[in-house]
Amino acid sequence: MLQLGDEVTLYSVVFVLVLLGTRSPLWTTALTASLYLFMAMFRFPQVPHSRVRQVLHPTRGSAGSGQVSVVAHRGGGHDAPENTIAAIREASKNGATGVELDLEFSADGVPILMHDDTIDRTTNGSGPLSQMMLSELGKLDAAAKHRLRETFAGEKIPTLDEAVQECIRLQLTVYFDVKSHPDEAAAALKALYEKHPLLYNSSIVCSFEPKVIYRMRQSDPEVVTALTHRPWSLSRFGDGAPRFSSPWKHHWMTLMDIVLDWAHHHILWKLCGISAFLIQKNFVSLDYIQYWSQRGVEVVAWTVNTQVEKEYYQELLKVNYITDSLLEDCEPHY
């Protein structure tokens, strides 16, 4: 639940900043009041906590500890070819509570599982995904670039519905990760929830893009949702390397990172009415978990890939985590 202090702090900061910029008490009051009305009118309420717990803490999966759920990243991309039926089955066999799956679309608009916007990294094909029809994608080997390519040779790129049916059969929680296409994704997921109502209690829609989550809540406010966030993501890659060689552009994007981080923690989560916050593991602490707990939001960490880290999250922090492997320590898959 939103704390009173949050409301006071948010609108006080806005009031001071606008006042400094406009030097007009009248305009400052009007703009601050407009923001308040906007938030009051257009924000979504959170899904009831009892149902959120069903999704985030199901009583199944053997890899976690107690109420800590272990989620296989892209189905467990280290243990099997990512975003495939084989990965889903391996994750279930290895004791995962759930799987995180990436939603994309073929050129003919069919929802499929794919992380990148090209097919080069994971398959024996090449080119933009947006130019590949489903029939063409069906001819590719999704295991071609995997370290266990011989074991999983011939594995296909599944449609979203095929993957979901397998998750339901194996009783796995599904974390739908949506990178883009907010309107198309919301429509596809809404149709999926209507076809498989069980998903309301066994899945969550996640995205780095607040627009995706807001559009999903507009389409179906009963769906459990989460924002995904990595601080400094605009200015740096996942491994910490700067995105831009130009110093001025790097500093500008660093400033935008600060603004984005503040917006996630004070405005966007509330506007979207999220139930969970997926955060890069290096930024998780007991205080951070408490911050979100006071707001009725659960923290899920990614990507936790060593046994030492997993024990830390299971025994001390006691929060769900996403991992690339349920079998051994490995490097993160960006």
Side-chain angles (χ1 to χ4, degrees), residues 55-103 113-116 121-122 142-143 146-148 151-152 163 166-167 170-177 179 202-208 226-231 233 238-240 276-285 288-289 298-334:
V55 172
L56 297 180
H57 302 284
T59 55
R60 58 180 180 271
S62 59
S65 173
Q67 283 298 299
V68 175
S69 294
V70 179
V71 180
H73 187 217
R74 306 178 197 171
H78 183 76
D79 303 332
E82 66 180 58
N83 286 311
T84 63
I85 299 298
I88 294 169
R89 290 172 180 166
E90 286 295 306
S92 176
K93 184 179 75 174
N94 295 328
T97 315
V99 291
E100 182 258 11
L101 303 173
D102 296 297
L103 169 60
L113 299 194
M114 179 68 69
H115 179 272
D116 302 353
R121 182 177 61 85
T122 57
H146 195 266
R147 66 188 190 93
L148 301 176
T151 302
F152 297 101
E166 189 66 15
C167 290
L170 296 171
Q171 296 186 314
L172 290 169
T173 301
V174 186
Y175 285 55
F176 296 110
D177 187 19
K179 295 289 189 294
S202 62
S203 71
I204 180 170
V205 177
C206 320
S207 182
F208 279 93
L227 282 170
T228 307
H229 183 51
R230 176 175 64 80
S233 60
D239 61 1
F277 197 76
L278 277 58
I279 182 76
Q280 205 273 339
K281 65 180 181 181
N282 296 343
F283 300 92
V284 180
S285 65
Y288 191 76
I289 295 166
E298 294 210 25
V299 170
V300 179
W302 57 272
T303 307
V304 180
N305 280 355
T306 69
Q307 187 59 37
V308 172
E309 289 176 330
K310 291 174 183 179
E311 290 175 359
Y312 177 65
Y313 277 89
Q314 289 174 182
E315 306 302 329
L316 181 63
L317 298 183
K318 299 185 186 301
V319 296
N320 295 358
Y321 63 86
I322 298 172
T323 182
D324 286 312
S325 176
L326 290 102
L327 299 177
E328 59 187 8
D329 292 1
C330 66
E331 291 299 315
H333 292 219
Y334 296 112

Can you see which heavy atom on [X] is nearest to which on [Y], and at what distance?
X      : Y      : value
Leu101 : Ala163 : CD1-CB, 4.2 Å
Ser325 : Asp79  : OG-OD1, 2.7 Å
Cys167 : Val174 : CB-CG2, 3.6 Å
Thr84  : Ala142 : CG2-CB, 3.9 Å
Pro81  : Ala143 : CG-CB, 3.5 Å

Does [X] reach the side chain of [Y], with side-chain heavy atoms less than 4.5 Å apart?
X      : Y      : value
Val55  : Thr173 : yes
Trp302 : Val284 : no
Val304 : Val70  : no
Asp239 : Pro332 : no
Phe152 : Glu90  : yes

Out of curiosity, [X] [atom1] to [Y] [atom2], how far, rounded to the nearest 0.5 Å?
X      : Y      : atom1 : atom2 : result
Asp102 : Glu82  : CG    : CD    : 7.0 Å
Leu278 : Ile204 : CG    : CD1   : 6.5 Å
Asp116 : Arg121 : CG    : CZ    : 4.0 Å
Asn305 : His73  : CG    : NE2   : 9.0 Å
Tyr313 : Thr323 : OH    : OG1   : 11.5 Å
Leu170 : Ile85  : CG    : CD1   : 9.0 Å

Any donor-acceptor N/O pair, [X] side chain to [Y] backbone, under 3.5 Å:
X      : Y      : value
Glu100 : Ala72  : no
Asp324 : Cys330 : no
His57  : Gln67  : yes
Thr97  : Val71  : no

Could you go step by step and tell me if Val319 and Glu298 meet the side-chain contact (heavy atoms from CB on, under 4.5 Å) rule? CA-CA 8 Å; Val319 296; Glu298 294 210 25; over 6 Å; no
Between the side chains of Glu309 and Thr306, does any donor sit under 3.5 Å from an acceptor?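 The criterion, which ignores hydrogens and geometry beyond distance, is satisfied for Thr306 and Glu309.
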In terms of relative ring orientation, are Tyr288 and Phe277 parallel, tilted or perpendicular, with 30° and 60° separating the classes?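 Correct class here is tilted.
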Residue that, paired with Tyr321, satisfies side-chain hydrogen bond (donor to acceptor under 3.5 Å, both in side chains) out of Gln314, Lys281, Lys310: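 Between Tyr321 and the candidates, side-chain hydrogen bond (donor to acceptor under 3.5 Å, both in side chains) is satisfied uniquely by Gln314.
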Under 4.0 Å between a Lys/Arg side-chain N and an Asp/Glu carboxylate O for Glu331 and Arg147?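 Looking at Arg147 together with Glu331, the answer is no, because their closest N to O distance does not fall below 4.0 Å.
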Tell me which one of Pro58, Ser202, Ser92 satisfies side chain to side chain contact (heavy atoms under 4.5 Å, CB included) with Leu172.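 When side chain to side chain contact (heavy atoms under 4.5 Å, CB included) is applied between Leu172 and each of Pro58, Ser202, Ser92, only Ser92 qualifies.
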Assess whether side-chain contact (heavy atoms from CB on, under 4.5 Å) is satisfied between Asn282 and Gln280, documenting all intermediate values. CA-CA 6 Å; Asn282 296 343; Gln280 205 273 339; 3.2 Å; yes
From CA spacing to verdict: side-chain contact (heavy atoms from CB on, under 4.5 Å), Asn83, Met114: CA-CA 6 Å; Asn83 286 311; Met114 179 68 69; 5.7 Å; no
Val300/Cys206 under side-chain contact (heavy atoms from CB on, under 4.5 Å): CA gap, chis, key distance, verdict: CA-CA 11 Å; Val300 179; Cys206 320; over 6 Å; no
